[in-house]
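Below is one structure, written out as structure tokens; comments come after it.
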Amino acid sequence: MKTKKFLLPESEIPTQWYNIQAEMPNKPMPLLNPLTKQAVTAEDLYPIFCRECANQELDQTHAWIDIPDQVRQLYANYRVTPLVRAYGLEKALDTPAHIYFKNESVSPAGSHKLNSALAQAYYAKEQGITNLTTETGAGQWGGALSYATKMFGIDCAVYMVKVSYEQKPYRRSIMQCFGATVTPSPSMSTRAGKDIITRDPNYQGSLGTAISEAIELATTTPNCRYALGSVLNHVSLHQTVIGLEAEKQMELAGEYPDIVVACFGGGSNFSGMAFPFMRHNFTGKTKTRFIAAEPAACPKLTKGRFEYDFGDEAGYTPLLPMFTLGHKFKPSSIHAGGLRYHGAGVIVSQLLKDGFMEAVDIDQVESFNAGVLFARSEGIIPAPESCHAIAATIREALKCKVEGTSRNILFNLSGHGFVDMASYDSYLSGDMQAYHISDDELEKFHSHSIVAGGLEEMS
Ligand SMILES: *Cc1c(COP(=O)(O)O)cnc(C)c1O
């Protein structure tokens, strides 16, 4: 029998996260205070984030950071996650490529998001924080943080993008089941929410707006901090358990990836999978290609600009040097809610600029074609976000077939799609549109959101 799953015992759960900031050839540019234009210090971030997360955010010196024992203990509820050889998919594609995937869908929250949620809840508890606030798009991050805060006895308030609140009622139920309070965003409970509802009463919400609301609540409530599930450096750091495990598991399989693929929202699952492998490219030891798969409806990596921009709609965050579509960007209501964010993490943005990785954009019909083929060949229904990674993997596997060469392709299955079956219904009934955003529309958002305008508003 051929080996299908490459498994490791709990004792092999990594003891340290990998901080790529310490080793990347060009460090990310500093985050800037929008008023003073000075580089932000960790202390500047303390009113918003837990201290340890703020310190990790700006740490460019320590390549390895210890994972607290209590976090490792909770990781053991679902880690080490399986690395699987996708023989079924290879056969369906009739490709000489060897396809592997890391299955992050086995976590209690159904996605990779718990890897950072547990760490952030732990650091909050350690610091004596009693309340965490956050935003959620599709509901994956909200679900993960709700469970993680429950593990540490912290109250959790979640602003959920309105369109998802209405389209994905079960994700809301999951958060409430874990004990969180869930509010649809934009809401009238914050100034940021009120402002946008006044301007556009029918606005269906975006991650950018929900982030503004959550930050506002965190900074106006005692003993409360804000937790973010993607984009930021410390989130990517926590996600490196994925790639560190995968590196050992590929060794068990006796192969090394030529291509590493992950879907891309703000970059956390991509970073988590890619960075531990990328460190070997820095030293010239390997020449692995890294591909981020983003939705054609929200193409910040392939069509965005590298510039300083806010991480949220209202402009409460520091200015981030990143690939962005503009913080006023209103993504269309595609089904992969977790990928509807206007910007990319600053580390990934620098790495893309420096040519250490590539990006592709994929429309939602191609992504669901891929997801359904995967479901039918591997027996797992992927999250709509993860379908983008599968589609990019399939493109590469088919290239191998045309060229008659075999390559090892490793992709991250970031989550399962059991709570996203309404999206699959839409696809299966033939209603789904292959949405591409036009250059004109992109230009419109960009010119509306020039940071100078945002700066005036704030001052
Ligand atoms: C949130 C989410 C994503 C996108 O977020 P990243 O930070 O880019 O990883 C991808 N897949 C799933 C299943 C998600 O929940």
Side-chain angles (χ1 to χ4, degrees), residues 81 101-117 120 134-147 158 160-161 164 168 171 174-175 207 210-211 227-243 260-275 290-295 298-301 311 322-323 331 334-349 352 357 359 361-362 364 367 371 374 380-392 411-420 423:
T81 63
F101 64 91
K102 179 78 166 154
N103 190 355
E104 290 295 308
S105 81
V106 300
S107 91
S111 80
H112 69 287
K113 295 261 180 15
L114 199 53
N115 300 330
S116 184
Q120 294 192 47
T134 196
E135 79 299 327
T136 196
Q140 290 275 22
W141 168 244
L145 193 69
S146 303
Y147 165 73
V158 183
M160 184 172 190
V161 177
S164 304
K168 308 204 168 184
R171 279 270 159 62
I174 289 170
M175 290 182 262
L207 276 177
I211 293 172
L228 184 61
S230 181
V231 184
L232 294 175
N233 302 341
H234 66 273
V235 184
S236 293
L237 172 75
H238 304 151
Q239 293 296 350
T240 57
V241 287
I242 302 172
V260 171
V261 183
C263 66
F264 197 97
S268 77
N269 92 93
F270 173 84
S271 305
M273 176 59 111
F275 292 174
F290 299 93
I291 304 176
E294 65 180 3
C298 195
K300 58 247 167 194
L301 295 175
M322 62 180 180
F323 278 92
I334 55 162
H335 290 277
L339 306 184
R340 295 172 70 241
Y341 181 69
H342 68 273
V346 302
I347 296 175
V348 168
S349 293
L352 180 67
M357 53 176 280
D361 63 327
I362 295 194
Q364 58 176 349
S367 77
F374 184 77
I380 300 173
I381 296 180
E385 292 85 2
S386 313
C387 291
H388 292 73
I390 301 171
F411 77 86
N412 191 36
L413 183 72
S414 53
H416 67 65
F418 292 157
V419 198
D420 303 287
S423 307

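In what follows, every heavy atom counts, from backbone to side chain, and hydrogens, waters and symmetry copies are set aside. Counting starts at 1 for both ligands and their atoms, in listed order.
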Pairs under 3.5 Å, nitrogen or oxygen of ligand 1 with protein nitrogen or oxygen:
residue, atom, partner, partner atom, Å
ligand 1, 7 (O), Ser230, OG, 2.5
ligand 1, 7 (O), Ser268, N, 2.9
ligand 1, 7 (O), Ser268, OG, 2.7
ligand 1, 8 (O), Gly265, N, 2.6
ligand 1, 8 (O), Gly266, N, 3.0
ligand 1, 8 (O), Gly267, N, 2.9
ligand 1, 9 (O), His112, NE2, 3.2
ligand 1, 9 (O), Ser268, OG, 3.3
ligand 1, 9 (O), Asn269, N, 2.8
ligand 1, 9 (O), Asn269, ND2, 2.7
ligand 1, 11 (N), Ser414, OG, 2.7
ligand 1, 15 (O), Lys113, NZ, 2.7

| request: Please list, chain by chain and in numerical order, all residues satisfying side-chain hydrogen bond (donor to acceptor under 3.5 Å, both in side chains) with Ser367, sequence neighbours excluded. | output: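 Listed in chain order: nothing, the list is empty.
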| task | Could you list the residues that satisfy side-chain hydrogen bond (donor to acceptor under 3.5 Å, both in side chains) with His342, not counting sequence neighbours? | result |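 Here no residue qualifies.
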Has [X] got a side-chain atom pairing as donor or acceptor with [Y]'s backbone, closer than 3.5 angstrom?
X	Y	value
Lys113	Ser414	no
Glu385	Gly415	no
Gln120	Leu228	yes

| said: Under the rule for side-chain contact (heavy atoms from CB on, under 4.5 Å), what residues qualify as partners of Thr136, not counting sequence neighbours? | reply: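 Partners of Thr136 by the side-chain contact (heavy atoms from CB on, under 4.5 Å) criterion, ordered by chain and then number, come out as Trp141, Val158, Met160, Met175.
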